[in-house]
Amino acid sequence: MLFVASLVSGCASLAGVQEHYLVCPYDTLWDVSLETLKERPIAIQDKAKGLIETGWTEVPVARTYGAFNRDIANAKDRTKVSVTLRKMDDVTKVSLGEMRERWKFRGGSRLYGWDPADPSEEDTARLMQLLTHKLKERGCTLS
């Protein structure tokens, strides 16, 4: 039973991950990855491990509730992005993923709190597109 739970949670963590293989110098990929995430607070920056992770960033979202689809005032999510670079012979694998949490009513003694939410496929794809566009400008190619 515990094995199944860990397997399901492991698969859920892969949701929203974008991967590309690029022919590009590692240092260029590292610099462009940092440049792409410059609007977010960087929490982890380990070039030797190829890991960049941002801190939480709150983003406003449009959300409704009820049968009449009333707008929820001040609805927000928070996101955390991680970029992993892996050298593989003459190409580098770039993985970009997002963790997302939703601010929601939970009841009990803590009326509101952060709950896990599905990553935004659109936001992840937009960030990966921005990253690959900047890399193409520097002469890197997708393989």
Side-chain angles (χ1 to χ4, degrees), residues 1-66 69-89 91-143:
M1 187 72 148
L2 183 59
F3 173 73
V4 172
S6 66
L7 183 63
V8 170
S9 68
C11 292
S13 67
L14 294 177
V17 174
Q18 298 266 327
E19 293 181 343
H20 285 297
Y21 295 87
L22 295 137
V23 179
C24 196
Y26 184 82
D27 289 335
T28 302
L29 276 165
W30 180 261
D31 293 341
V32 170
S33 297
L34 283 173
E35 181 183 323
T36 302
L37 298 173
K38 70 182 176 189
E39 294 177 4
R40 297 172 178 257
I42 303 295
I44 299 172
Q45 183 176 337
D46 190 337
K47 190 172 183 177
K49 290 183 180 178
L51 177 65
I52 302 169
E53 190 172 289
T54 69
W56 290 106
T57 303
E58 289 186 13
V59 291
V61 292
R63 194 168 291 127
T64 60
Y65 72 97
N69 288 324
R70 294 183 178 107
D71 288 332
I72 297 175
N74 301 323
K76 60 186 172 183
D77 285 357
R78 67 180 186 174
T79 68
K80 184 188 268 192
V81 176
S82 65
V83 174
T84 307
L85 306 176
R86 291 247 189 290
K87 294 181 199 177
M88 305 170 75
D89 296 324
V91 298
T92 303
K93 177 182 171 184
V94 179
S95 302
L96 188 143
E98 178 194 48
M99 287 178 48
R100 186 172 282 258
E101 292 182 343
R102 177 164 292 146
W103 185 251
K104 65 183 268 186
F105 178 78
R106 299 188 327 180
S109 62
R110 294 182 1 208
L111 288 179
Y112 288 91
W114 293 109
D115 273 351
D118 291 334
S120 168
E121 296 287 336
E122 296 83 23
D123 288 351
T124 307
R126 183 185 51 77
L127 270 174
M128 183 59 91
Q129 185 178 28
L130 179 61
L131 177 68
T132 55
H133 177 72
K134 288 181 179 189
L135 288 167
K136 285 179 184 178
E137 286 177 345
R138 296 196 185 181
C140 301
T141 57
L142 288 160
S143 60

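Source: prediction; values computed, not measured.
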Query raised in the report: What are the two closest heavy atoms between Asp77 and Trp114, and how far apart are they?
Result: C-CZ3, 3.8 Å
Query raised in the report: Roughly how far, to the nearest 0.5 Å, is OG1 of Thr79 from CG of Leu127?
Result: 8.5 Å
**Report entry** Residues which pass salt bridge (Lys or Arg N to Asp or Glu O under 4.0 Å) with Asp31, listed by chain and number, not counting sequence neighbours
**Finding:** none
Query raised in the report: What pairs with Gln129 under side chain to side chain contact (heavy atoms under 4.5 Å, CB included), at least two apart in sequence or on another chain?
Result: none
Query raised in the report: Rounded to the nearest 0.5 Å, how far apart are CG of Leu142 and CG of Leu135?
Result: 8.5 Å
Query raised in the report: Does any pair with a residue in residues 36-49 pass salt bridge (Lys or Arg N to Asp or Glu O under 4.0 Å), and if so which ones, sequence neighbours excluded?
Result: Asp27-Lys47
Report summary line: Here the pair of heavy atoms bringing Met128 nearest to Val94 is CE-O, 3.8 Å
Report task. Determine whether more than 12 heavy atoms belonging to other residues, nucleotides or ligands lie under 6.0 Å from atom NZ of Lys76. Result -> yes
Enumerate donor-acceptor pairs with a distance under 3.5 Å from any side-chain N or O in residues 50-57 to protein atoms, sequence neighbours excluded.
{"from": "Thr54", "atom 1": "OG1", "to": "Val81", "atom 2": "N", "distance (Å)": "2.9"}
{"from": "Thr54", "atom 1": "OG1", "to": "Val81", "atom 2": "O", "distance (Å)": "3.4"}

Report summary line: Sorted by chain and residue number, the side chain to side chain contact (heavy atoms under 4.5 Å, CB included) partners of Lys93 (sequence neighbours excluded) come out as Glu19, Tyr21, Arg86, Met88, Ser95
Query - Test side chain to side chain contact (heavy atoms under 4.5 Å, CB included) applied to Thr124 - qualifying residues, sequence neighbours left out - result: Gln18, Leu96, Glu98
Query raised in the report: How about Arg102 and Val61: do any of their side-chain heavy atoms sit closer than 4.5 Å?
Result: no
**Report entry** Set of residues satisfying side chain to side chain contact (heavy atoms under 4.5 Å, CB included) with respect to Ala43, sequence neighbours excluded
**Finding:** none
Requested in this report: If a pair satisfies disulfide bond (SG atoms under 2.5 Å apart) and one of its residues is in residues 27-57, list it, with sequence neighbours excluded.
Outcome: none
Report task. Starting at CG of Leu85, measure out to CH2 of Trp30 and round the result to the nearest 0.5 Å. Result -> 6.5 Å
Query raised in the report: Of all heavy-atom pairs between Ser33 and Val83, which one has the smallest distance, and what is that distance?
Result: OG-CG1, 4.0 Å
Report summary line: Residue set satisfying side-chain hydrogen bond (donor to acceptor under 3.5 Å, both in side chains) with Thr132, at least two apart, ordered chain then number -> none
**Report entry** Working for side chain to side chain contact (heavy atoms under 4.5 Å, CB included), residues Arg100 and Val59
**Finding:** CA-CA 10 Å; Arg100 186 172 282 258; Val59 291; 4.0 Å; yes
**Report entry** For His20, all residues meeting side-chain hydrogen bond (donor to acceptor under 3.5 Å, both in side chains), sequence neighbours excluded
**Finding:** none
Requested in this report: Search all heavy atoms of Ile44 against all heavy atoms of Ile42 and return the closest pair with its distance.
Outcome: O-CG2, 3.6 Å
Query raised in the report: Considering residues at least two apart in sequence or located in another chain, which fulfil the side-chain hydrogen bond (donor to acceptor under 3.5 Å, both in side chains) criterion with Arg78?
Result: Glu101
